[in-house]
Asks: 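Structure provided below as structure tokens; questions to follow.
First the proteins, then the strands, lettered A, B, ... as listed; each starts at 1. Just so you know, these numbers come straight off a predicted model, no measurement behind them.
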2 protein chains.
Amino acid sequence: MHPHTHITLDRSSPVPLYFQVAEQLEEAILTGTLGAGERIGNEVALAADLGLSRPTMRQAIQVLVDKGLLVRKRGVGTQVVAGRVHRPLGLTSLYDDLMKAGQRPRTVVLKMDVVYPDDQVRAELRLADDAQVWYLERLRSVGSDPLAHMTNYLPTDVVDLAAVDLGETGLYEAMRRAGVVMRVGRQRISARRAEAAEARMLGESEGAPLLTMERTTYDDAGRAVEYGTHAYRPDRYSFESTLVDR
Amino acid sequence: MHPHTHITLDRSSPVPLYFQVAEQLEEAILTGTLGAGERIGNEVALAADLGLSRPTMRQAIQVLVDKGLLVRKRGVGTQVVAGRVHRPLGLTSLYDDLMKAGQRPRTVVLKMDVVYPDDQVRAELRLADDAQVWYLERLRSVGSDPLAHMTNYLPTDVVDLAAVDLGETGLYEAMRRAGVVMRVGRQRISARRAEAAEARMLGESEGAPLLTMERTTYDDAGRAVEYGTHAYRPDRYSFESTLVDR
DNA sequence: TAGTGGTCTAGACCACCGT
DNA sequence: CGGTGGTCTAGACCACTAA
């Protein structure tokens, strides 16, 4: 009844125990060692097997429930969710996503300036009336294929963009290196027709459908650190996500 | 130092204590009683004030951290995230969303049949080779404006669609009433050109951009219960979501 | 009825932050 | 250094499910 997934714990590691368990359980699910519909658990026995308290074991399982890999049912147990898994989108940039997928993204910085933002941007970033922002416009490609046209606004006190080579690194990675800890992003995804100039840049015809995303990102102090509006070629990009009801 | 948000607990209520606290904290944030950037906490003191244990108080705060309303920073405290809040998308249908927004959606069922699914649908739903599914095609409008063209496939043993008036209720609501507990949804959002027939239905011109979503939903036993591909008029609809890094 | 997850308690030690 | 959140323990009682 116990498909022993053989979990190893290292109590001297700085990695939390619940996370060690979650990692190894996830691995077992992704490799198929734990198949769709299979039951793990119960929590009490698992905890005892591993020499953990039940709350710690529960926390480990909760991580995978939140990722949509496991479902819990009271009185029944915990089971592996069916279906192929795709990685959830987190607070990553397109650049990060492409790198992870083994692609070689290329970025051309079209514009980079310090400007006075318009009212909408100032409101999104909650800036004072006289505050200035970095204005950044980039075109991202994979190989010879244009993929996305990106516009971003950043408060000038968040990061000094002039000191960064944005052709060689993603914006989010640059922000992280500057010590910004991004915690929350609020985004809206829709679609629209490509305008003429934009269509030329993306190698599409005017009026072609574009996938659009606008996002405001907040750091670990709750401060808005970035606002951006992006346009993607829909035949080359899509947004995947997992929703979990608790 | 304590912006006393006056939280009331009812220990005789079946609503969990952590949830009662989370609800009232969220209310305080949404109404502005707790303003952007304001610190709540600390966990120990809050727990003591309310006569709760610290883990319970922590769980309450975690709910709002997961919703992107609060950010925690070790050594500092817990603060309210800046910016306007929009409700996250959960496992709801377009119908539910519209109803909540006070709209009056109208649904026309274009087709409803039991069919043998093609390979892709069979794979998404993890069905046996000889299994049949409900095939459902609907057009949803608000007022006189067409909004979305929706196609769904459901295993026949999940719910009997013939017994439901889908003009009067959303598909997800109908599934819930049939005892289906949906727990996980995996979706992909992109865009494409409207085809001729589709454009006519949606009141758009051929080639107009459409926002597309395909989603597979799983129940509390990890079983695929629904697969759908939808097309929305992008000037009338967009997907909003909140991402949280932990 | 037996077994499962859901909630809750009352502590403990640690890591990190700002002063 | 004091104060914060991050982790962990060892229990307890309850609600729900399935046999």
Asks: May I ask you to list the residues of residues 52-66 of chain A, by number, that have any heavy atom positioned under 4.0 Å from an atom of DNA chain C?
Replies: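 Only A:R54, A:R58 qualify.
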Asks: Has the side chain of A:W134 got a donor or acceptor atom that lies under 3.5 Å from a matching backbone atom of A:V159?
Replies: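 Yes.
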Asks: What's the CG-C1' distance between A:L46 and C:dT4, to the nearest Å?
Replies: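 After rounding, the reported distance stands at 12 Å.
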Asks: Send over the distance from B:D220 CG to C:dT4 C1', rounded to a whole Å.
Replies: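 Distance, rounded to whole Å: 13 Å.
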Asks: Take atom CZ of A:F19 and atom P of C:dC14, then tell me their distance rounded to the nearest Å.
Replies: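 Rounded to the whole Å, the gap is 23 Å.
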Asks: Find which nucleotide of DNA chain D each of B:V76 and A:K73 is nearest to by heavy atoms, and output the residue with the more 5' nucleotide.
Replies: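 The residue mapped nearer the 5' terminus is B:V76.
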Asks: Separation of B:E43 atom CD from C:dA12 atom P, in whole Å?
Replies: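 Distance, rounded to whole Å: 17 Å.
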Asks: Indicate whether the side chain of A:R140 and that of A:T107 have a donor and an acceptor atom separated by less than 3.5 Å.
Replies: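 Side-chain D/A pair, A:R140 to A:T107: present.
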Asks: Could you pull out the closest heavy-atom pair between B:K67 and B:V244, with the gap in Å?
Replies: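 That would be C-CG2, 4.5 Å.
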Asks: Within this structure, what is the CG-to-P distance between B:L70 and D:dG5, rounded to whole angstrom?
Replies: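 Answer to the nearest Å: 11 Å.
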Asks: Testing A:D66, A:L69, A:L70, A:V21 one by one against A:I61 for a side chain to side chain contact (heavy atoms under 4.5 Å, CB included), which residue passes?
Replies: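 In the set A:D66, A:L69, A:L70, A:V21, the residue that makes a side chain to side chain contact (heavy atoms under 4.5 Å, CB included) with A:I61 is A:L70.
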Asks: Looking at D:dT9, I'd like to know if its phosphate oxygens (OP1 or OP2) sit under 4.0 Å from a side-chain N or O belonging to A:R11.
Replies: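 Result: yes.
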Asks: With the side chain of A:N42 defined as its heavy atoms from C-beta on, choose the nearest nucleotide among D:dT9, C:dT4, D:dA18.
Replies: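 Nearest to the side-chain atoms of A:N42, counting from C-beta on, is C:dT4.
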Asks: Using the side-chain heavy atoms of B:T78, tell me which of these nucleotides is nearest: D:dG5, C:dC8, D:dC8.
Replies: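 Nucleotide nearest to B:T78's side chain: D:dG5.
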Asks: Using every non-hydrogen atom in the two residues, find where A:M57 and A:E43 come nearest and quote the distance to one decimal.
Replies: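 So the two residues come closest at CG-O, 3.8 Å.
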Asks: What is the distance, rounded to the nearest whole Å, between atom CG of A:L50 and atom P of D:dC8?
Replies: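 To the nearest whole Å, that distance equals 13 Å.
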Asks: In whole angstrom, give the distance that lies between atom CD1 of A:I40 and atom P of C:dT4.
Replies: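 Going from A:I40 (CD1) to C:dT4 (P), I get 12 Å.
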Asks: Could you tell me the separation between the CZ atom of B:R39 and the C1' atom of D:dG5, rounded to a whole number of Å?
Replies: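 That distance rounds to 13 Å.
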Asks: For a quick check under 3.5 Å, do A:Y172 and A:E226 share a side-chain donor-acceptor pair by atom type?
Replies: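 There is such a pair (donor and acceptor under 3.5 Å, judged by atom type) between the side chains of A:Y172 and A:E226.
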Asks: Quick one: does any side-chain atom of A:E38 pair with a main-chain N or O of A:G35 as donor and acceptor, under 3.5 Å?
Replies: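 Confirmed, A:E38 side chain pairs with A:G35 backbone.
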Asks: Does the side chain of A:Y18 get closer than 4.0 angstrom to OP1 or OP2 of D:dT7 through an N or O atom?
Replies: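 Answer yes for this pair, as a side-chain N or O of A:Y18 is under 4.0 Å from OP1 or OP2.
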Asks: Select one nucleotide: of C:dC16, C:dT4, D:dA18, the one nearest the side-chain heavy atoms of B:R74.
Replies: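 The closest nucleotide is C:dC16.
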Asks: Does A:G75 or B:G77 map to a spot on DNA chain D nearer the 5' end, using the closest nucleotide for each?
Replies: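 Looking at the nearest nucleotide for each, B:G77 comes out on the 5' side.
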